Amino acid sequence: MTSLAPGRALRPPGSPPAPRTGRGRRRSASRRRALLGLALAAPALVLVTVFFLVPLVLTFWMSLHNWPLMGRARFVGLDNYSRAVGDENFLRALRFTLLYTVVITPVLLVLGLFLALLVRRPVRGARFFQSVFFMPVCIGLASGSFLWLYLGQSQIGPLFDLLRRAGLVDASDNLFADVTTALALVIAMVTWKVVGLQMLLLLSGLQSIPDEVVEAARIDGAGGWQLFRWITLPLLRPTLALVLVFSVAGSLLAFDQFFIMTGGGPSNSTITAVYQVYRISFTSFRLGYGAALSVLLMVILAAVSAVQMLLLRGTDHN
Amino acid sequence: MRTIIGDVRSTVPRIAWWVICLALTVVFLYPLYVMLSMAFKGPTEAGLIPPTLFPHELSLASFRRLASVQGLNVFGNVLNSVVVTLGATAGTVVLSTLAGYAFARARFPGSGILFFLALATFMIPFQAVITPLFKVMQVLHLNNSLLGLAIVYITFNLPFGLFIMRNSFAALPASLEEAALVDGCGILGAIRSVLLPVVMPGVITTALLTFFATWNEFFAALILITEQDKFTLPVTLTLVSSGQFGTVNWGSLQAGVALTIIPCIVVYVLLQRYYVSGMLSGALK
């Protein structure tokens with residue numbers, strides 16, 4: 001913030017004030033304006049600094065320490081990191097998070113695109129269906145999880161009852177006791193809750209495809225599927241990329257849905273990376289180790305995003 | 001005339017399109033219907049196996065039971081949610097409007113880099129800094145406090161708000177502000193009486209996004225609040241759903257879920273235009 005010192009109007013110290021010419025007045029008015037700008041931005045900047053930038057820097061600092069909830073922190077260098085790479089619980093959480101991401105991403109992408117194509121035309125009813133499919137987006141992930149926890153509950157849950165009537169499960173089954181069905185339920189809930197957002201983003205991408213391009217392709221004799229394959233899909237690539245990055249980042253950070261719906265079970269098989277950070281930091285109170293896991297998580301997130309960006313940019317030139 | 005880009009609509013007959021859309025509507029609304037019907041079932045019916053599809057009689061018993069769970073003050077927790085959400089929303093709107101104006105109109109040395117830093121909160125998920133954030137809150141004596149939670153929510157909603165408000169102000173012609181200044185109001189007066197009405201859509205969008213994000217927030221509330229009396233609604237529901245107060249009462253849990261979801265649905269239905277445009281501008285920055 002020291003850059004605020006009047007850089008351009010430097011005068012030797014002690015020299016008499018500059019004469020008030022027209023230019024000087026304008027300059028002082030613009031400096032007043034800059035000061036006002038700083039004053040208006042200051043509260044926001046202070047909050048971001050204290051509650052985001054400081055914790056961000058502190059993450060790295062804490063990760064180098066053995067840091068209990070109470071008592072003194074002890075510097076341990078990179079010990080936390082070397083422990084993390086051999087920590088079977090953390091590695092299992094990472095593997096599960098990746099599995100979840102790999103499974104749910106195509107589901108969201110394909111269904112989102114299907115919904116977008118379905119409700120895209122300015123025909124009667126399309127706008128209504130858009131609103132309905134987008135509605136669960138405004139519901140919290142936590143509330144959705146509590147709702148679906150009940151839906152899939154053995155015996156008493158309505159969704160369980162439907163599956164039982166369809167002959168897919170036995171009355172004695174417990175969908176949350178098996179890792180596959182528990183994961184399937186979570187994926188169904190998350191898809192129901194967020195696919196509307198994918199639909200909306202892809203819809204706006206579709207809207208931006210120019211009519212002339214499509215018209216030209218039609219004159220060349222392209223049919224529905226060919227138009228989709230050779231015009232829509234390539235021109236939609238930037239939007240698809242965006243949706244992909246969004247859903248991958250969101251899935252890698254999954255917490256609420258597993259904490260609430262599966263509680264990490266059965267036998268710790270659905271603990272995600274953020275869930276493991278939570279357990280280390282706030283149930284074992286090993287804050288330093290938790291911070292180290294957070295750093296690793298950030299590195300993985302950044303790497304995955306970078307790879308996605310590179311891949312998508314790379315294919316753009318072809 | 002709009003041409004056809006491989007829409008599903010163009011390849012299936014009109015009737016089939018309606019059938020598909022209506023079937024999907026049932027799928028999307030079914031969980032919400034189940035929640036409502038369960039919340040309003042009487043106690044005997046709520047426990048029936050297999051569950052009934054339509055409630056035979058409407059009853060508020062589940063809500064009453066939710067309110068009278070021993071050791072829990074659920075409606076106090078609803079109030080906590082309301083206070084934190086309104087506080088965080090008001091704070092985010094005010095701070096991002098002031099700063100948005102500054103970054104768009106009253107630039108100062110270093111404002112570019114500071115704007116970038118403020119937006120960086122976008123790129124780094126706040127789940128990744130929760131451990132040290134907990135420590136910072138402890139040092140500032142803001143842990144286990146609704147004020148502290150609201151401040152955290154303001155911080156993590158600021159990037160969206162800043163982005164939207166800066167764009168709103170940047171889109172205004174400079175002459176608008178100059179005219180107000182010539183008319184003799186100060187800059188703050190000009191912002192309030194001339195610019196603010198014009199950027200109102202941005203303000204509403206910021207308020208809505210913050211409202212939904214904070215009302216529904218679970219992770220930070222779970223960690224930063226440790227006393228039951230200060231819990232927000234989503235965290236309270238973990239106690240109901242874990243059966244900590246006897247067996248799980250599914251009717252009461254769905255009553256609690258309904259309390260959380262219904263305000264969102266109402267706000268969404270009333271103001272969806274702003275919400276949708278906010279989602280788009282936030283995503284497509």
Side-chain angles (χ1 to χ4, degrees), chain A residues 3-4 7 33-34 36-38 40-41 43-45 47-48 51-52 54-56 58-59 62 117-118 120-121 129 131-133 135 138-140 142-143 146-147 149-151 155-156 158 161 200-201 204 209 211 214-215 224 227-228 231-232 253 255-256 274 281-282 287 290-291 294 297-298, chain B residues 2-3 5-11 21 25 28 31 34-35 49-51 95-96 98-99 101-103 106-111 114 118 121 125 127-129 131-133 136 151-152 154-155 158 162 187 212 216 218-219 223 234 237 241 250 253-254 257 260-261 264 268 272 276 279-280 283:
Chain A
S3 64
L4 248 199
R33 204 173 163 71
L36 175 84
L38 184 70
L40 294 180
L45 293 174
L47 282 196
V48 169
F51 297 98
F52 174 68
V54 167
L56 184 60
L58 203 53
T59 313
M62 285 177 85
L117 291 171
L118 193 65
R120 179 182 170 270
R121 298 298 317 282
F129 291 121
S131 299
V132 171
F133 302 156
M135 186 182 282
C138 76
I139 291 167
S143 341
F146 287 118
L147 175 48
L149 176 68
Y150 162 62
L151 284 180
Q155 312 287 337
I156 198 157
D161 190 48
L200 181 76
L201 297 175
S204 80
I209 295 176
D211 283 355
V214 181
E215 203 51 57
L227 276 174
F228 176 73
I231 305 291
T232 310
L253 291 168
F255 173 81
D256 299 12
V274 171
S281 293
F282 302 108
L287 300 187
S294 299
L297 185 59
M298 271 192 267
Chain B
R2 286 296 297 185
T3 43
I5 316 182
D7 304 72
V8 174
R9 180 72 181 81
S10 66
T11 50
C21 284
T25 300
F28 273 87
V34 167
M35 167 199 78
I49 297 173
L95 294 194
S96 53
L98 296 179
Y101 173 82
F103 287 124
R107 301 179 60 81
F108 47 91
S111 64
L114 286 174
T121 332
Q127 288 93 332
V129 298
T131 310
L133 182 61
V136 168
I151 291 176
V152 167
I154 293 174
T155 307
L158 266 176
L162 268 180
I187 289 185
F212 284 114
N216 290 321
F218 180 71
F219 187 64
I223 288 165
L237 295 184
S241 77
W250 295 102
L253 181 64
Q254 290 316 304
V257 171
T260 326
I261 287 182
C264 294
Y268 167 71
Q272 56 171 298
V276 166
M279 279 298 200
L280 282 176

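A note on names: the letters A, B, ... follow the listed sequences, proteins ahead of strands, and every chain is numbered from 1. Please read these numbers as outputs of a predicted model, since none were measured by experiment.
Among S131(A), C138(A), G140(A), the residue with the largest count of heavy-atom pairs under 4.5 Å with chain B is C138(A). Counting heavy-atom pairs closer than 4.5 Å to chain B, the top-ranked of the candidates G290(A), A142(A), P158(A) is P158(A). Contact count against chain B (heavy-atom pairs under 4.5 Å) is highest for I139(A) among L58(A), L151(A), I139(A), L297(A). The residue among L162(B), V152(B), I151(B) with the most heavy atom pairs within less than 4.5 Å of chain A is I151(B). Listed options N216(B), V276(B), L158(B), L253(B) were ranked by heavy-atom pairs under 4.5 angstrom with chain A; first place goes to N216(B).
Here the closest non-hydrogen pair linking A106(B) and R33(A) is CB-O, 3.5 Å. Counting all heavy atoms, side chain and backbone alike, A118(B) lies closest to V48(A) at CA-CG1, 4.1 Å. Contact detail for S143(A) and I261(B): the closest heavy-atom pair is CB-CG1, 3.7 Å. Of all non-hydrogen atoms in A41(A) and F103(B), the two that sit nearest each other are CB-CZ, 4.0 Å. Scanning both residues, P50(B) and D161(A), for their nearest heavy atoms gives CB-OD1, 3.3 Å. Of all heavy-atom pairs between A102(B) and G37(A), the closest is CB-O, 3.1 Å.
In this structure, D256(A) contributes its side chain and F218(B) its backbone to no donor-acceptor pair below 3.5 Å.
With sequence neighbours left out, F146(A) forms a ring-ring contact (aromatic ring centres under 6.0 Å, His included) with no residue at all. S281(A) is linked by a side chain to side chain contact (heavy atoms under 4.5 Å, CB included) to V277(A), L287(A), T131(B), counting only residues two or more places apart in sequence or in another chain.
L201(A) CG to L280(B) CG: the interatomic distance, rounded to the nearest 0.5 Å, is 6.0 Å. Summarising the geometry, atom CE belonging to M279(B) is positioned 8.5 Å from atom CG belonging to L200(A); distances are rounded to the nearest 0.5 Å. Considering CZ of F282(A) and CD1 of I223(B), their distance stands at 4.5 Å, rounded to 0.5 Å. One distance of note links CE of M135(A) with OH of Y268(B); it measures 6.0 Å at 0.5 Å rounding.
Inter-residue side-chain proximity for I154(B) and L47(A) is flagged as met; some heavy-atom pair is nearer than 4.5 Å. Counting heavy atoms from C-beta outward, W250(B) and L149(A) have side chains that approach closer than 4.5 Å. Here the side chains of Q127(B) and F255(A) are not in contact, with every heavy-atom distance at 4.5 Å or above. Two residues are said to be in side-chain contact when any heavy atoms from C-beta on lie closer than 4.5 Å; V34(B) and Y150(A) meet this criterion. T25(B) is listed as a side-chain neighbour of F133(A), based on a closest heavy-atom distance under 4.5 Å.
In this structure, chain A has no heavy atom under 4.5 Å from any part of S111(B). Both the backbone and the side chain of L133(B) come within less than 4.5 Å of a heavy atom of chain A. For chain B, the nearby parts of F51(A) are the backbone and the side chain; heavy atoms of each come within less than 4.5 Å. Heavy atoms closer than 4.5 Å to chain B are found in the side chain of M62(A), but not in its backbone. Using a 4.5 Å cut-off between heavy atoms, F129(A) contacts chain B through its side chain alone, with no backbone atom that close.
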Checklist entry - When you look at S294(A) and V129(B), which way does the side chain to side chain contact (heavy atoms under 4.5 Å, CB included) test go after all the steps? => result CA-CA 7 Å; S294(A) 299; V129(B) 298; over 6 Å; no

